[in-house]
Each structure stands twice: as C-alpha cells, then as structure tokens.
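Written out below as structure tokens is the structure these notes cover.
In this chain, residues are counted from 1 in sequence order. Both ligands and their constituent atoms are indexed starting at 1 by order of listing.
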Amino acid sequence: MTDSGSKLKTFKFLKIITSSLLLTVLILFTLASIRTFTLDVNVGLQLAQWEKTNNVSLVIDHHQREELLANFKEAIRIPTVSFSETEGNTTALREFDTLLRKAFPTVFSSSLVHHELVANYSHLFWVQGSNPDLVPYLLLAHIDVVPASESDGWEAPPFSAKEIDGFIYGRGTIDDKSPVMGILQSLEYLLIKGYAPRRGFYIGLGHDEEVGGYKGAVSIVRLMKQRNVQLSFVMDEGLAILDGVISGLDGPAALIGISEKGSATVKLSVSMAPGHSSMPPRETSIGILAAAVKRLEENPMPRLFGHGPERGTFEHLAHKFKLPMKFIMSNFWLFSPLLGRVLEKKSDTNAFVRTTTAVTIFKSGVKVNVIPSLAEAYVNLRIHSAQTLQEVLDLIQSTVGDERVKMELVDGFDPLPVSSSDEKSFGFQIIKKTVLDMFPSVTVAPGICIGNTDSRHFKDLTNDIYRFAPIWFKPGDAQRFHGINERISKKNYEELVVFYFNLIQNCDIQKLPEPHSSVHEL
Ligand SMILES: *[C@@H]1O[C@H](CO)[C@@H](O)[C@H](O)[C@H]1NC(C)=O
Ligand SMILES: *[C@@H]1O[C@H](CO)[C@@H](O)[C@H](O)[C@H]1NC(C)=O
Ligand SMILES: *[C@@H]1O[C@H](CO)[C@@H](O)[C@H](O)[C@H]1NC(C)=O
Ligand SMILES: [Zn+2]
C-alpha cells in the first residue's frame, strides 16, 4: 500500500467512544421511541447452499512447509525498493523475476498459463478457464517495497528474512510480498494437483506501487484495455483481519476495503514585488500566505461521517458489540453526527470523519535582509468518499478567500467508487466465504482504505475492487507497515497460501446461491 502510517491503525477508532457519549446514548435510549430502534442489524447474512467447487484440497506437509517458507524468505531478501517515481532498484527487480521463475516452475511451464512482462519489471499472468462465459477476475499485488534501514531500530536486518519466535522479519513481509508469493505459490500447488479453473483469471504484479504505480499498474491497465478485458472483480492489498484492535468487539473482524479516499495536492503561492527589509510593506508574501494557511487549518473540511462506506462497517459489526455500543451501531441514522464529533477529536480517527487537510511544505526567503517576492505552500488533502475533488478545491478557494493567493492543483483524484458488498456481490461474497470457511470466528465487514493502492488504476475495467488479504493484525501491528519490524508469522503466511488456494477454486461457481437475510427489531 502506498504511503501508510495512517492506515490500519485508524481502525482503533472505535476505542475512543467516550463515556460522555455513552451517557448521551443512555438518555436517548430511555426516551420514547421517535421511530423503531433497531437492535441488531444482522447484515452478516447467510447464503444458502454453495455449489461445491473446491475439489482440490491442500494439506501442507513438512516438505511443502519448508519449500513455501524458503521461497518467501528469498523474496524478502531481494531489496526491490522504490526510492522515488523515477528511481527503483532495477537490479533487484530483475533478480525478483529470476526468483519467480525458479520458485514456481509449474506456473511458468503450464499450458494453461500465459505470462508476460509489462513495463520490463511488472508481471501479468492469464490463467485460462474452461468456461469462457464466466467473467474473469484479477488478483493484484506489488513487488516493490518502501526503503528500510537497519539503523532505524529493526530487531533483525530488514532484508534478512530472519526468524524470531515464529515470525519472519523483513520489509515486504506484509506489504506486499506475502500476497505476491502466496498467490503464485497457491497456483503452483493447484497446477501440480492437476487443477484447471472453470473461470479464467489474471494475476497482476506491479513493480512501482509505492510510488504511484504509474509504470507498472498503469501499463497493465493499458494492455488490458487494448484487449477489451472486463473483470468481474479485482482483489488487491489493503485491509486485513483485525484481532483485538477494535475494542468492545467480540472476536476478530475481517475488513474488506470497498473504497479508498481520494487525494489532492494543492500549491498555494503569493507573489509580491521584492523589497529591502529596511522599508517593509505592511504585508509580505510570507505573511499573506501564512494567514491563508492558518485559515485552512482553523476551518477543517465539513464533517461527513456516516455519509460514506464507514456506515456499512458499523452496521455489519453492530451485532458483535455488547450493549450499549450495539445499540449505537445499529442506529446509525441517529448517532452518526454524535460519533463524528467524538471521532474527530483524534487525528487518526478524524481521517474517517472528513477530508483531511495537511500543510506539508512551506517555502520562502533566502536572505535575512531581503523581503522575498515569492512564498509557496503545499497542502495535501485526503478526500472523504462523500466529496469530490472539485468540491474540495472550491472549499479551499473560499476558505483562503484572498485573491492574492494563487491556487494550483498539482495532482489529485476523486475518491474511488464504492464497490458493492451486498448479497449479490460476487467478489465480496467469494472473499467472505473463503474467510469464513477458514476462520469461522471472524466477522466480515466492508471497510474503507485511507491509503491508496495500485487497484485504483483498474476502475475502468470493473465496478468492484476489494482490498484485503487475510493477514492478522493485533494491537500495535499497524505501525509495522512502512515502519520498523515489519513481520508475519510463519503460520499466517501458510494461511495466505491456503486462502488463495481456496479462493481461486471458490471463484469457479457459476453464480452465487440465493440469499436470505434477517433483521431483528427491538
Ligand atoms: C467438482 O467435482 C464435482 C463432482 O465430481 C463436479 O460436478 C464439478 O463440476 C467439479 N467442479 C469443478 C469446478 O471442477
Ligand atoms: C539493489 O539490489 C541489488 C541486488 O539485489 C543489491 O545488491 C543492491 O545493494 C541494491 N541497491 C540499493 C541501492 O539498495
Ligand atoms: C524497458 O527497458 C528498455 C531497455 O532497457 C527501455 O528502453 C525502456 O524505456 C524500458 N521501459 C520501461 C517502461 O521502463
Ligand atoms: Zn502496498
């Protein structure tokens, strides 16, 4: 995932529902009913009988365990670092290509699989299905990583893949080499066991996701568009299984990202006649720009909590909370403004409430006795699902409210469309079933990604993009993302291989079984 820090840890947002909120809720609870309160929206619906498609089973034996871990460790040891949009480690990317061919010989020699290099270092695999009427899907992952230095305080060197207490340490163990290797390892085992898919699928591996994916993912998309490919769904990295991270929730939650926030980088500048500091004008370019920036900080973007997909997260998880949180979550129509006010108090949870505004660069002046003519500031905004890029730009303009401040959009894009997550949603239900078959105690819910992924480039090829891998996150683990001591347990990596092994087979169903859902009223 690109540009983390603000990522999964944001899901601890439920932690900070304060006692004052609970008090308000209890008062409301005792009020006569303005309308029927729902106690338990059981959106965790049950689908009827699924067509049996997982005909090939995988029980990982000792030999396979050694083999899949050795392959994974080798992948971690290759420093496929993206330093900037123009600078990656091409030697490492070539080495990675060689590793894939060595580790997965059946994938590269099977007559069912067509492989091609895209933009020299990215990979696109097409696995042919026996029924061409079934719309194919795409599994997406990326092979590049963000930089890491041992001197930052790693317990093991970041490209060592060293084992400590059952965990493999190294940059990329979570983001994103476990899906890269897990997907291909599962395909290798499927093909060895003679599996031939009914529904064809693609595997895309980008090589510059961490710097925007403008070479890898964008080239893969261009190629697929030329070939008129349409996809049933795309599954990429993003969210995970949160275990003990959401306080008050009974059991772990698998959040499947159904959208991503948008983004904008805006340059503000003020240009004035230069002058000598002995005869300063009443206002300088620095003063004018500083005032504009201050206004932006003092007037945050509107509170929109409950108007985006975060609503669905609450509704899906509601039945797993105890009272009174269960009551709050189930009656979002009433409590979302209140929740919004509580959540905006902390910077990590504020990200769910609104479009965030961050002033990241402020530049002016070169000499102590010269009044500079030019002052520049860059503002980075992450756009809430219920707003558009244009609305955000208009708001900045009116908040700045000073014609002397010039505004320029450096780059930006709208929030990603919200993918379906209902009972008719093929991709969502397949992922959900695969999770529940493996981990019955987990609650599956839609979620929203604060960061961005390569999958955003695929929105013209499909309506449904899901961002998820079954990586277990416990409290504190989110900081490892792009941080120090990134790691995955050996057991969890093995689970990833099994997960993709099952997911691919689950996609072979012709159509989803008929749903029947239930809502209990209080
Ligand atoms: C799995 O096996 C069953 C029973 O032999 C068969 O009817 C079905 O078509 C198979 N499914 C796939 C996806 O091969
Ligand atoms: C690039 O990758 C090569 C091959 O893996 C490695 O030897 C080299 O140290 C890396 N360069 C940088 C600058 O990280
Ligand atoms: C791929 O490599 C060739 C030859 O080294 C180079 O000319 C070309 O620009 C590269 N393409 C990309 C997309 O990096
Ligand atoms: Zn990533």
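When the shell of 6.0 Å around NZ of K52 is examined, it contains more than 12 heavy atoms from other residues, nucleotides or ligands. The environment of NZ in K193 is crowded: more than 12 heavy-atom neighbours from other residues, nucleotides or ligands sit within 6.0 Å.
Around ligand 1 you find N55, R198, D508, each with a heavy-atom distance below 4.0 Å.
Summarising the geometry of S149 relative to W154, their closest heavy-atom pair is O-CD1, 3.3 Å, with the distance given to 0.1 Å.
Residues passing the ring-ring contact (aromatic ring centres under 6.0 Å, His included) test with Y378: none are found, sequence neighbours excluded. With sequence neighbours left out, the side-chain contact (heavy atoms from CB on, under 4.5 Å) criterion links D97 to R101, L117, H123.
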Compile the donor-acceptor pairs under 3.5 Å between side chains in residues 106-114 and protein atoms, sequence neighbours left out, one pair per line.
unit_1, atom_1, unit_2, atom_2, d
T106, OG1, E188, OE2, 2.6
S109, OG, P105, O, 2.9
S110, OG, L112, N, 3.0

